[in-house]
2 protein chains.
Amino acid sequence: MTSTKPLTANQQLVLGVLKRSPSPLSAYDILHRLRNKGLKAPLQVYRALKVLVDLGITHRLESLNAFVACSGENCRQAGMSGFMICNLCGRAQEFYNRQLNDKLQSISADQEFVASHTVVESSGICAQCKKTPVN
Amino acid sequence: MTSTKPLTANQQLVLGVLKRSPSPLSAYDILHRLRNKGLKAPLQVYRALKVLVDLGITHRLESLNAFVACSGENCRQAGMSGFMICNLCGRAQEFYNRQLNDKLQSISADQEFVASHTVVESSGICAQCKKTPVN
DNA sequence: CGTTTAATGTTATTACATTACATCATGCAT
DNA sequence: ATGCATGATGTAATGTAATAACATTAAACG
C-alpha cells in the first residue's frame with residue numbers, strides 16, 4: 001500500500017540510465033549520458049539521485065563516488081545491503097545477508113551506538129574475471 | 001621483525017596531526033594545519049597519506065572523504081576494521097570483530113569473490129551524544 | 001665524486017558536490 | 001477565474017577532493 005509519488009521526468013531519466021548500466025556510474029557519467037535529453041548541469045543529476053537514494057531504489061557507493069540502481073525489489077525493507085566491487089570489470093554485485101546485518105546490529109548495540117546507515121563495500125576480483133582475465 | 005623504513009618528515013607531520021585530532025580530518029584540513037610547517041600543496045599531504053594508509057597506521061573513511069590515525073597498535077595483522085561514525089560529535093570509533101570478519105569472508109567465498117579490501121562504516125549517534133545532546 | 005633512486009616541491013588540471021538565486025508549473029483556497 | 005503557496009527546474013558560480021605532469025633536491029652507494 002505504499003502509494004508513493006510518481007518519479008519526475010529527471011528522476012526517471014537518471015534511474016533509466018542507472019538501470020541500463022552494467023556498472024556503477026558517477027553523477028558526471030550520468031550527466032554526460034543525458035546531455036542529449038536536455039540535462040545540462042550537475043545539480044539536475046544530484047537532485048534526482050538524492051530522491052532515488054532516499055527512496056532506496058538507488059544506492060551510493062562511497063568507495064567509488066558512484067551510484068547503482070538497486071538490484072532487489074524490496075531494498076527498503078530488507079535493511080542494509082552490501083556490495084562486492086570488481087576492480088577489473090567494474091561491476092558491483094549487491095547482496096543482503098541477515099546474519100551480517102544482525103552482527104553489525106549487535107556490535108553497535110554493544111557500544112550503545114545508534115546506527116542510521118551502514119556502508120559495506122568489498123573491492124576485489126569477481127568470479128567471472130578470475131576465470132577470464134580480461135573483460 | 002618488521003624492521004620498516006622510518007617515516008619521512010612530511011609523513012610524521014601528517015601522522016602527528018591525525019593522532020592529535022579527536023575526529024577524522026580531510027586532506028585539506030590536514031594541509032591547513034600544516035601550513036605553518038611549510039606544507040603548501042595538497043599533493044604533499046596526499047602522498048604522505050598514501051604511505052600511512054598503505055602501512056596500515058592510518059585509515060581512510062570512504063563515507064567522509066577523511067582520514068584517521070589507527071587506534072590499535074597492530075592494525076595490520078588484525079585484518080579488516082570497521083568504524084562507527086557519530087553524526088553529532090564527528091568522532092569515529094574504530095572496531096575489530098572476528099565474527100564480522102569471518103562472515104564477510106564467507107559471503108565473498110560463496111560468490112567466489114576475492115576481496116582485497118573491505119569498508120565497513122556505520123554512521124549514527126554515539127553513546128556520549130545520546131546522553132548529552134550537544135557537544 | 002658522480003650516478004641512481006627516492007622524496008619533495010610546484011603548478012595546473014580534473015573530478016565530485018553544493019550554494020544561491022531565478023523561473024516555471026501545479027494545486028487549490030477564496 | 002485569480003492569486004498565492006509549493007515543489008520542481010534551470011543556470012551560474014563556487015567550493016571541496018584528488019591527481020597529472022614536471023622540475024628540484026637529498027640520500028645511498030658504487
Side-chain angles (χ1 to χ4, degrees), chain A residues 3-18 21 23-55 57-68 85 87 90 92 117 119 121 123, chain B residues 3-18 21 23-55 57-68 85 87 90 92 117 119 121 123:
Chain A
S3 105
T4 172
K5 214 177 290 189
L7 297 180
T8 68
N10 285 357
Q11 288 157 16
Q12 286 177 24
L13 286 171
V14 169
L15 181 57
V17 166
L18 286 176
S21 173
S23 46
L25 298 175
S26 76
Y28 279 74
D29 288 340
I30 296 168
L31 176 58
H32 183 73
R33 294 178 192 208
L34 289 175
R35 289 276 182 200
N36 51 2
K37 303 283 186 184
L39 289 234
K40 288 181 181 169
L43 191 49
Q44 297 176 286
V45 173
Y46 281 108
R47 278 202 277 234
L49 284 170
K50 174 164 187 352
V51 172
L52 298 175
V53 169
D54 286 351
L55 286 174
I57 55 187
T58 291
H59 299 288
R60 175 184 165 81
L61 298 183
E62 297 291 347
S63 60
L64 251 40
N65 291 338
F67 301 83
V68 277
I85 301 162
N87 292 325
H117 183 63
V119 171
E121 298 173 18
S123 49
Chain B
S3 104
T4 172
K5 212 178 289 189
L7 298 180
T8 68
N10 286 356
Q11 289 158 14
Q12 285 177 25
L13 285 172
V14 169
L15 182 58
V17 166
L18 286 175
S21 173
S23 45
L25 298 175
S26 76
Y28 281 74
D29 287 339
I30 296 167
L31 176 58
H32 182 74
R33 293 177 192 210
L34 290 174
R35 288 278 182 199
N36 51 1
K37 302 284 186 184
L39 290 235
K40 289 181 183 170
L43 194 49
Q44 296 176 286
V45 173
Y46 281 107
R47 279 202 276 237
L49 284 171
K50 175 167 188 347
V51 172
L52 297 175
V53 169
D54 287 350
L55 287 174
I57 55 186
T58 291
H59 299 288
R60 176 183 163 80
L61 298 183
E62 297 290 347
S63 60
L64 252 39
N65 290 338
F67 301 83
V68 277
I85 301 163
N87 292 325
H117 182 63
V119 171
E121 297 174 17
S123 49

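Residue numbers begin at 1 in each chain, while the letters A, B, ... track the order of the sequences. Small disclaimer: the values here were computed from a predicted structure and weren't measured.
Between B:Leu43 atom CG and C:dA7 atom P the separation is 14 Å, expressed in whole Å. In this structure, A:Leu64 atom CG and C:dA15 atom P are separated by 15 Å, rounded to whole Å. If you measure from atom CD of B:Gln11 to atom P of C:dG9, you get 11 Å, rounded to the nearest angstrom. With rounding to whole Å, A:Tyr46 atom OH is found 19 Å from D:dT14 atom P. Counting to the nearest Å, the C1' atom of D:dT25 and the NZ atom of B:Lys40 are 15 Å from each other. One can place NZ of A:Lys50 at 12 Å from P of C:dT19, the figure rounded to the nearest angstrom. Straight-line distance from the CG atom of B:Leu31 to the P atom of C:dG9: 12 Å, rounded to whole Å. Rounded to an integer number of Å, the gap from B:Leu7 CG to C:dT8 P is 10 Å.
Within the model, atoms CG of A:Leu15 and OG1 of A:Thr58 stand 5.0 Å from one another, a figure rounded to the nearest 0.5 Å.
The two residues A:Ala66 and A:Pro24 come nearest to each other via the heavy atoms CB-CB, 3.9 Å. Of all heavy-atom pairs between A:Asn36 and A:Arg33, the closest is OD1-O, 3.2 Å. Considering every non-hydrogen atom in both A:Glu62 and A:Glu121, the closest pair reads N-OE2, 2.8 Å.
For the pair A:Ala66 and B:Leu39, both in contact range of DNA chain C, the more 5′-proximal nearest nucleotide belongs to B:Leu39.
Taking only distance into account, the side chain of A:Arg47 never meets the base of D:dG7 through a donor-acceptor pair shorter than 3.5 Å.
Side-chain atoms of B:Gln44 lie closest to C:dG9 of the nucleotides C:dA17, C:dG9, D:dA18. Proximity note for A:Asn10 (side chain, C-beta onward) versus C:dA17, D:dT9, C:dT8: the nearest is D:dT9. Among D:dA18, C:dA17, C:dA7, the nucleotide with an atom closest to any side-chain atom of B:Arg60 is D:dA18.
Side chains of B:Leu55 and B:Leu7 form a contact here, defined as non-hydrogen atoms less than 4.5 Å apart.
Listed pair A:Asn65 / D:dA17 fails the phosphate criterion, with no side-chain N or O lying under 4.0 Å from OP1 or OP2. Residue A:Ser26 has a polar side-chain atom (N or O) positioned under 4.0 Å from OP1 or OP2 of C:dC16.
A stacking contact links A:Tyr28 to C:dC16: the aromatic ring centre lies within less than 5.5 Å of the base's six-membered ring centre, and the planes differ by less than 30°.
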